[in-house]
Amino acid sequence: MKKIAFLVLIFCVLQSQAQSKFNIGPVYSMGASNILKTSSMDGMNMGSEIDNKMSMKLNAGAGLKAEYFFSEKWGIFLQTGFQQRGAIFKEYIDDYKPRYRLNYWDVMAGGAFRTKGLMKNHQLTINLGVTQHTLLEANRVYDTGSGHITGEFKRIDIGLFLGIGGNIPISEKDIFQIQLFTNAGLLQTFSGNLAMNGMSGRNFLTGIQIAYLIGKSKKKE
């Protein structure tokens, strides 16, 4: 929490010094996630490795995003909010496919680039940064209910974020932003009994993200 407060303070200072270069507003994402490179050891088969074959799971997220540009093209961004992740078991003993439903609180920061787009009043925008995912809750969901398994996943994950899209001016100072993004975790996600049983995997999330970023006009001298 101290890190988040410090980053927010930096953006507030930047806003007061150069209001026309600072934008902040709500962000919403919709995409699909998976847990990549996942396998387990089946003790009933004398330790032979079997593949869990997980597939993509639909997810949503919402939060707050801020951007500050030092020049016409280069700047920084900060984003924080709630994000779902998880995966679906591709093969199972019955028709219903259980899933891991993971709820995270994300904080991401990095560099921002923008340049003239293909259309009039349109900007190409690129965000590249690092993310910290803090696990809030983990559940294994079945057709008959769900089981709480937060202790079977590591609480902290670190990842890389890449977003590519466009800015569309809404007014003299506000921006509607849409990006295609990918967020890949770098740390092993499993812990507890799942890790002891050979489970190994990393978070992967991709999708589309939209934001309405509100700016302020320069103060008249």
Side-chain angles (χ1 to χ4, degrees), residues 4 23-38 52-67 76-91 96-114 117 122-141 146 149-150 152-168 175-190 199-213:
I4 297 174
N23 291 80
I24 186 170
V27 60
Y28 177 81
S29 66
M30 177 60 71
S33 68
N34 204 346
I35 300 177
L36 300 181
K37 298 180 180 178
T38 303
N52 281 323
K53 295 183 179 179
M54 292 186 179
S55 60
M56 304 295 279
K57 173 184 176 295
L58 294 179
N59 298 279
L64 190 68
K65 182 176 183 179
E67 290 185 338
I76 56 176
F77 80 95
L78 171 68
Q79 182 173 321
T80 184
F82 170 80
Q83 178 62 58
Q84 297 175 327
R85 289 181 176 83
I88 296 176
F89 288 97
K90 196 171 183 179
E91 296 180 1
Y96 182 84
K97 296 178 175 60
R99 62 205 65 202
Y100 290 128
R101 186 173 62 200
L102 312 176
N103 297 326
Y104 284 91
W105 187 268
D106 287 3
V107 177
M108 61 183 71
F113 173 80
R114 64 185 181 187
H122 174 271
Q123 289 180 323
L124 170 69
T125 177
I126 299 174
N127 290 161
L128 178 63
V130 296
T131 62
Q132 177 179 305
H133 321 137
T134 302
L135 183 65
L136 302 176
E137 185 181 32
N139 290 280
R140 185 187 287 113
V141 182
S146 63
I149 55 170
T150 303
E152 304 299 311
F153 288 84
K154 292 183 178 179
R155 184 171 179 269
I156 300 296
D157 190 13
I158 302 296
L160 297 176
F161 176 89
L162 173 64
I164 301 176
N167 288 337
I168 302 173
I175 296 170
F176 176 78
Q177 184 180 88
I178 182 169
Q179 289 184 327
L180 298 176
F181 74 91
T182 297
N183 188 195
L186 300 177
L187 305 181
Q188 294 292 330
T189 61
F190 294 104
M199 296 289 286
S200 174
R202 293 179 173 86
N203 282 313
F204 177 79
L205 176 67
T206 187
I208 187 170
Q209 176 175 280
I210 58 174
Y212 190 91
L213 304 179

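In what follows, residues are counted from 1 in the order of the sequence shown. Note that this is a predicted model, so its numbers are computed, not measured.
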Quick check: closest heavy atoms across [X] and [Y], and the distance to 0.1 Å?
| X | Y | value |
| --- | --- | --- |
| Thr80 | Trp105 | OG1-NE1, 2.9 Å |
| Ala66 | Ile24 | CB-CG1, 4.0 Å |
| Gln188 | Ser200 | OE1-OG, 2.9 Å |
| Ala32 | Asn59 | C-ND2, 4.0 Å |
| Tyr28 | Ala60 | OH-CB, 3.7 Å |
| Leu124 | Gly165 | CD1-O, 3.3 Å |

4.5 Å side-chain heavy-atom contact, [X] and [Y]:
| X | Y | result |
| --- | --- | --- |
| Ser33 | Gln84 | no |
| Ile168 | His122 | yes |
| Tyr100 | Asn139 | no |
| Asn127 | Lys65 | yes |
| Met30 | Ile210 | no |
| Phe82 | Asp106 | no |

Drop me the distance from [X]'s [atom1] to [Y]'s [atom2], to the nearest 0.5 angstrom.
| X | Y | atom1 | atom2 | value |
| --- | --- | --- | --- | --- |
| Arg140 | Arg101 | CZ | CZ | 12.5 Å |
| Ile149 | Phe190 | CD1 | CZ | 8.0 Å |
| Ile35 | Thr189 | CD1 | OG1 | 4.5 Å |
| Met56 | Arg99 | CE | CZ | 13.5 Å |
| Thr182 | Ile164 | OG1 | CD1 | 8.0 Å |
| Phe181 | Leu205 | CZ | CG | 4.0 Å |

What verdict does the side-chain hydrogen bond (donor to acceptor under 3.5 Å, both in side chains) test give for Arg85 and Asn183, after you've listed the backbone C-alpha separation in whole Å, the side-chain angles of each residue and the deciding distance to 0.1 Å?
CA-CA 11 Å; Arg85 289 181 176 83; Asn183 188 195; 2.8 Å; yes

Checking Gln209 against Val27 for the side-chain contact (heavy atoms from CB on, under 4.5 Å) test, could you report, in this order, the C-alpha distance in whole Å, the side-chain angles of both residues, the deciding distance, and whether it holds?
CA-CA 7 Å; Gln209 176 175 280; Val27 60; 3.2 Å; yes

Evaluate the criterion side-chain hydrogen bond (donor to acceptor under 3.5 Å, both in side chains) for residue pair Glu67 and Gln79; output intermediate values, then yes/no.
CA-CA 9 Å; Glu67 290 185 338; Gln79 182 173 321; over 6 Å; no

Might you work through the side-chain contact (heavy atoms from CB on, under 4.5 Å) test for Met199 and Glu152, ending with a clear yes or no?
CA-CA 10 Å; Met199 296 289 286; Glu152 304 299 311; over 6 Å; no

Would Phe77 and Met108 count as a side-chain contact (heavy atoms from CB on, under 4.5 Å) if you check the C-alpha gap in whole Å, the side-chain angles of each, and the deciding distance to 0.1 Å?
CA-CA 8 Å; Phe77 80 95; Met108 61 183 71; 3.9 Å; yes

Please report, to 0.1 Å, the donor-acceptor pairs under 3.5 Å made by any side chain of residues 153-163, with sequence neighbours excluded.
unit_1, atom_1, unit_2, atom_2, d
Asp157, OD1, Leu187, N, 3.3
Asp157, OD2, His133, ND1, 3.4
Asp157, OD2, Asn203, ND2, 3.1

Enumerate the residue pairs fulfilling salt bridge (charged side-chain N to carboxylate O under 4.0 Å, His left out) with a member in residues 176-188, sequence neighbours excluded, ordered by first and then second residue.
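Of all non-adjacent pairs touching residues 176-188, none passes salt bridge (charged side-chain N to carboxylate O under 4.0 Å, His left out).
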
